[in-house]
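Notes to accompany the following structure.
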Amino acid sequence: MDLKSLIRDIPDFPKPGILFRDITTLLRDPEGLRYTIDLFTEKCIESGLQADYVVGMESRGFIFGPPLAYKLGAGFIPVRKRGKLPAAVHSIEYELEYGTDCLEMHQDALHSNSRVLIVDDLIATGGTANATAKLVEKFGCELVGFGFIIELRDLQGRKHLPDVPIISLMEY
Ligand code: PRP
Ligand code: MG
């Protein structure tokens, strides 16, 4: 299946000069959605990305993380923006183009013997994924790798990530 044909390109969103890769057109296609999740699962298994937990980042990581976790027989752990999680959290601040942002995980979400796979819809600069890796490091557990549906190669995001396997289903 040609997955790229299900991604809609929107010029000048969210600001002039940015070409937005819209996944909503893939998500609404029943065969495309099933194929994407099945392929994602296969690629993770092939690359040895077997984990106890899939960690996904708010908000588009919440779309692909849980079905992947289900297929891998893993649990799913949400990484949320500041102030959204109710129990005690670990936090990480990271740089944005303008200013900083903050991601949080529950302190009891992982243990030192957990194997973790970090999943998001897309990697651009790698800032979000790298911040999540730093958050996971606070638990002293094993990061087995990263999985993305889309990778924007020109931005070289994978250069900013720890040296573990990184898979993506589509490259631009
Ligand atoms: C987008 C995307 C990734 C991140 C990638 O999320 O879903 O999480 O950007 O960019 P990076 O590699 O440069 O960090 P966004 O922050 O737009 O929020 P959303 O998932 O809530 O839409
Ligand atoms: Mg996101």
Side-chain angles (χ1 to χ4, degrees), residues 3-4 6-29 32-33 36-37 39-41 43-44 47 49 51 53-69 74 76-86 89-106 109-110 116-138 143-172:
L3 281 184
K4 277 190 176 174
L6 294 173
I7 300 292
R8 176 166 55 179
D9 295 340
I10 312 266
D12 300 318
F13 185 88
K15 51 188 179 184
I18 305 284
L19 180 62
F20 191 90
R21 306 294 183 179
D22 179 20
I23 57 165
T24 65
T25 39
L26 181 155
L27 292 169
R28 75 182 289 280
D29 186 282
L33 177 60
T36 300
I37 299 302
L39 184 65
F40 206 21
T41 308
K43 277 212 167 201
C44 286
S47 304
L49 301 184
Y53 299 102
V54 171
V55 165
M57 299 79 114
E58 184 175 359
S59 52
R60 281 178 265 160
F62 293 179
I63 297 173
F64 294 102
L68 179 68
F76 177 75
I77 296 170
V79 168
R80 297 216 60 183
K81 308 262 167 86
R82 194 197 311 268
K84 297 285 187 182
L85 289 170
V89 294
H90 286 310
S91 304
I92 186 98
E93 298 253 356
Y94 64 107
E95 302 288 326
L96 297 175
E97 196 178 350
Y98 301 102
T100 64
D101 209 342
C102 175
L103 292 175
E104 296 184 333
M105 277 173 75
H106 274 146
L110 293 170
V116 174
L117 168 60
I118 296 176
V119 166
D120 206 352
D121 68 319
L122 177 142
I123 178 167
T125 66
T128 306
N130 188 46
T132 304
K134 287 189 174 145
L135 199 47
V136 165
E137 266 173 32
K138 294 189 185 214
L143 175 62
V144 300
F146 295 87
F148 304 98
I149 303 300
I150 296 173
E151 178 172 5
L152 305 184
R153 275 275 179 181
D154 289 352
L155 295 173
Q156 300 189 313
R158 59 168 66 218
K159 273 194 177 170
H160 301 115
L161 301 185
D163 186 22
V164 290
I166 301 165
I167 62 137
S168 58
L169 302 190
M170 282 173 265
E171 291 180 9
Y172 288 93

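For ligands, and for the atoms within them, numbers begin at 1 and follow the listed sequence. The first residue of the sequence shown is numbered 1, and numbering continues consecutively from there. These figures come from a predicted structure and were not determined experimentally.
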### Query
Which atoms of ligand 1 have any heavy atom of D120 under 4.0 Å away?
3 (C), 7 (O), 8 (O)
### Message
If we only consider heavy atoms of G126, is any one of them less than 4.0 Å away from an atom in ligand 1?
### Response
yes
#### Entry: Backbone of R8 reached by a side-chain donor or acceptor of T25 within 3.5 Å
yes
### Query
Would you say atom 9 (O) of ligand 1 has a protein heavy atom nearer than 4.0 Å?
no
### Message
Whether the T100 and E95 side chains hold a donor-acceptor pair (N or O, under 3.5 Å, no angle test) is what I'd like checked.
### Response
no
### Message
Looking at E93 and K134, is there a salt bridge between them, counting it only when a charged N and a carboxylate O are closer than 4.0 Å?
### Response
no
### Query
Does the N or O separation between A124 and ligand 1 drop below 3.5 Å for any pair?
yes
### Message
Counting only heavy atoms closer than 4.0 Å, does ligand 1 sit against the backbone of T125, its side chain, both, or neither?
### Response
both
### Query
Is the side chain of D9 donor-acceptor paired with the backbone N or O of R21 at a distance under 3.5 Å, no angle test?
no
### Query
How many angstroms lie between NE2 in H90 and CG in L110, if you round to the nearest 0.5 Å?
9.0 Å
### Check: D12 side chain, G17 main-chain N or O, donor-acceptor pair, under 3.5 Å
yes
### For K81, atoms of ligand 1 separated by under 4.0 Å from a heavy atom
21 (O)
### Message
For atom 15 (P) of ligand 1, what is the closest protein heavy atom, and at what distance to 0.1 Å?
### Response
R60 NH2, 3.9 Å
### Query
Tell me: protein heavy atom nearest atom 21 (O) of ligand 1, and distance?
S59 OG, 2.5 Å
### Query
Within 45° of the axis and under 6.0 Å from the centre of the six-membered ring of F20, does NZ or CZ of K15 qualify?
no
### Query
Which heavy atom of the protein is the closest neighbour of atom 5 (C) of ligand 1, given with residue, atom name and distance?
L122 O, 3.6 Å
### Query
What part of D121, side chain from CB on, backbone N/CA/C/O, both or neither, has a heavy atom under 4.0 Å from ligand 1?
side chain
### Identity and distance of the protein heavy atom lying nearest atom 14 (O) of ligand 1
T128 OG1, 2.6 Å
### Q156 (side chain) donor-acceptor with T125 (main chain) under 3.5 angstrom
no
